[in-house]
Asker: 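Take a look at this one; I'll ask things after.
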Protein chains: 2
Amino acid sequence: MLGKDYEGQDCALARALEVVGERWTLLIVRDALYGVRRFNDFQAHLDIPKAILSGRLNGLVDDGIVDRLPDPDHRGRHLYHLTQAGKDLWPVIHSLLVWGDRYREGSCRVFQHAGCGTPLDDRGTCPHCKVAPGPDDILTKPLRRTSRDDPVARSLRRPHRMLDPVPEA
Amino acid sequence: MLGKDYEGQDCALARALEVVGERWTLLIVRDALYGVRRFNDFQAHLDIPKAILSGRLNGLVDDGIVDRLPDPDHRGRHLYHLTQAGKDLWPVIHSLLVWGDRYREGSCRVFQHAGCGTPLDDRGTCPHCKVAPGPDDILTKPLRRTSRDDPVARSLRRPHRMLDPVPEA
DNA sequence: GCCGTGGGTCTGTTCACTGAACCCAAACGC
DNA sequence: GCGTTTGGGTTCAGTGAACAGACCCACGGC
């Protein structure tokens, strides 16, 4: 995107959008929250050109949203996983999911507090425990079968805890 | 943006980003929440090329985020104001503001519940009343002087209720 | 009539997104 | 050993969006 910055805007919103406002970036963060960690899995699940994915992951590493670690099972490969700053983007993703669910198309997933199983409300809080759990304390499961059929989509059909790594295909 | 859609993504997040994921769009919605309604005011406050602003406003009207009404004071001009779907983007804006505040730069504004004056917490709820007020029930005021000096920025230096129209320059 | 202003549209340049091709190192089949 | 596949990229040309600036038209003031 030409000029991804918003120089003149003295505003925290503009600063946040400079990091996550580019095309694909929030979808990558969403997948990372779902537990995707391998380059190939992102690519398979997002249908994103490799050059763009590579650039976005580098940018997210530079911006401190994601850490790049060597993959212990495969020399020369990497695992990308969210930093605390990345995990703290969950409220952003969740509020967009809620809005899209209400005004565009029904959601395909439900999110519930891992501690008690209660579905989260629109503000991301557990109505039972009165807390706003972070992603590592949330279970998600699909509401319906989606149209995708890649290895990541297949793993995500089973209920699982957010941030839990998706198994290798 | 070439291909603003995310066809293969069967997900409410992708649908939401198809509406508000383009450059400038969320900043326009932010200004609309602050009470900006005139084409010229958006342009002055955002430093956005007129062609882009025109395109974005048309897109937002098409997507049902904004209504275009004739300006009763100036024949031939329009006022853009948020629909309910647009006002419901407030949680998205707020969560991005909170994230940008924490990880990028300190916020320049504070938001408080109009009913009781209590500042909102990070989830957008009023800790005193235990409700999540909509934008028409929120007061905002600047925390510090910003670097901008256009007519809209000057009006926004005074505390005011969100969605209240900014006065004509 | 003339000028200034609001709200655009048009134009040419720059630059990001895209798919396809290419590359290299490691793992695998035999 | 050797050829092939796979992962994780980089490079390339084509396309279309973003941008600044020029232009345009309707209205109001004088």
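Worth saying up front: this structure is predicted, and the values here are computed from it rather than measured. Chain identifiers are assigned alphabetically (A, B, ...) following the order of the sequence lines, protein sequences preceding nucleic acid strands; residue numbering begins at 1 within each chain.
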Asker: Separation of B:Ile48 atom CD1 from D:dG21 atom C1', in whole Å?
Answerer: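 Atom CD1 in B:Ile48 sits about 16 Å away from atom C1' in D:dG21.
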
Asker: What's the shortest heavy-atom distance between B:Val20 and B:Thr25, and which atoms?
Answerer: CA-CG2, 3.8 Å

Asker: Between the protein and nucleotides 2-4 of chain C, which nitrogen or oxygen pairs are less than 3.5 angstrom apart?
Answerer:
none

Asker: Does A:Asp121 come within less than 4.0 Å of A:Arg123, counting only side-chain N to carboxylate O?
Answerer: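 The answer is no: the pair does not qualify as a salt bridge.
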
Asker: B:Gln43 has an atom CD; how far is it from atom P of C:dT5, in whole Å?
Answerer: 14 Å

Asker: When all nucleic acid strands are considered with a 4.0 Å heavy-atom cut-off, which category describes B:Phe42: base, sugar-phosphate, or nothing?
Answerer: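 The answer is nothing, as B:Phe42 stays clear of every strand by at least 4.0 Å.
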
Asker: Looking at A:Arg38 and A:Asp71, is any side-chain nitrogen of the basic one under 4.0 Å from a carboxylate oxygen of the acidic one?
Answerer: no

Asker: Heavy-atom nearest nucleotide on DNA chain C for A:Pro49 versus B:Asp71: which residue maps closer to 5'?
Answerer: B:Asp71

Asker: Rounded to whole Å, how long is the line connecting atom CG of A:Leu57 with atom C1' of D:dG9?
Answerer: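 In whole Å, D:dG9 C1' lies 11 Å from A:Leu57 CG.
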
Asker: Answer yes when B:Arg161 and B:Asp136 have at least one side-chain N-carboxylate O distance shorter than 4.0 Å, and no when they do not.
Answerer: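 Looking at B:Asp136 together with B:Arg161, the answer is no, because their closest N to O distance does not fall below 4.0 Å.
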
Asker: Rounded to whole angstroms, how far apart are CG on A:Asn40 and P on D:dG7?
Answerer: 4 Å

Asker: List every contact pair, protein side and nucleotides 20-28 of chain C side both N or O, where the distance is under 3.5 Å.
Answerer:
none

Asker: Answer yes when A:Arg15 and B:Asp101 have at least one side-chain N-carboxylate O distance shorter than 4.0 Å, and no when they do not.
Answerer: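 Between B:Asp101 and A:Arg15 there is no salt bridge, as every charged N stays at least 4.0 Å from the carboxylate O atoms.
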
Asker: Rounded to the nearest angstrom, tell me the gap between atom CD1 in B:Ile52 and atom P in D:dG16.
Answerer: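 My rounded result for the distance is 16 Å.
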
Asker: When the distance from CD of A:Glu22 to P of D:dA18 is rounded to whole Å, what number comes out?
Answerer: 13 Å

Asker: Among C:dT18, C:dC17, D:dC19, find the nucleotide with the atom closest to the side chain of A:Trp24.
Answerer: C:dT18

Asker: If you compare all heavy atoms of B:Pro133 against all heavy atoms of B:Leu120, which two are closest, and at what distance to 0.1 Å?
Answerer: CG-CD2, 3.7 Å

Asker: Restricting to non-hydrogen atoms, name the atom on A:Leu46 and the atom on A:Trp24 that form the minimum distance, rounded to 0.1 Å.
Answerer: O-CZ3, 3.5 Å

Asker: Under the rule for side chain to side chain contact (heavy atoms under 4.5 Å, CB included), what residues qualify as partners of B:Arg37, not counting sequence neighbours?
Answerer: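 Once residues adjacent in sequence are excluded, the partners of B:Arg37 under the side chain to side chain contact (heavy atoms under 4.5 Å, CB included) criterion are B:Leu79, B:His81, B:Pro165.
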
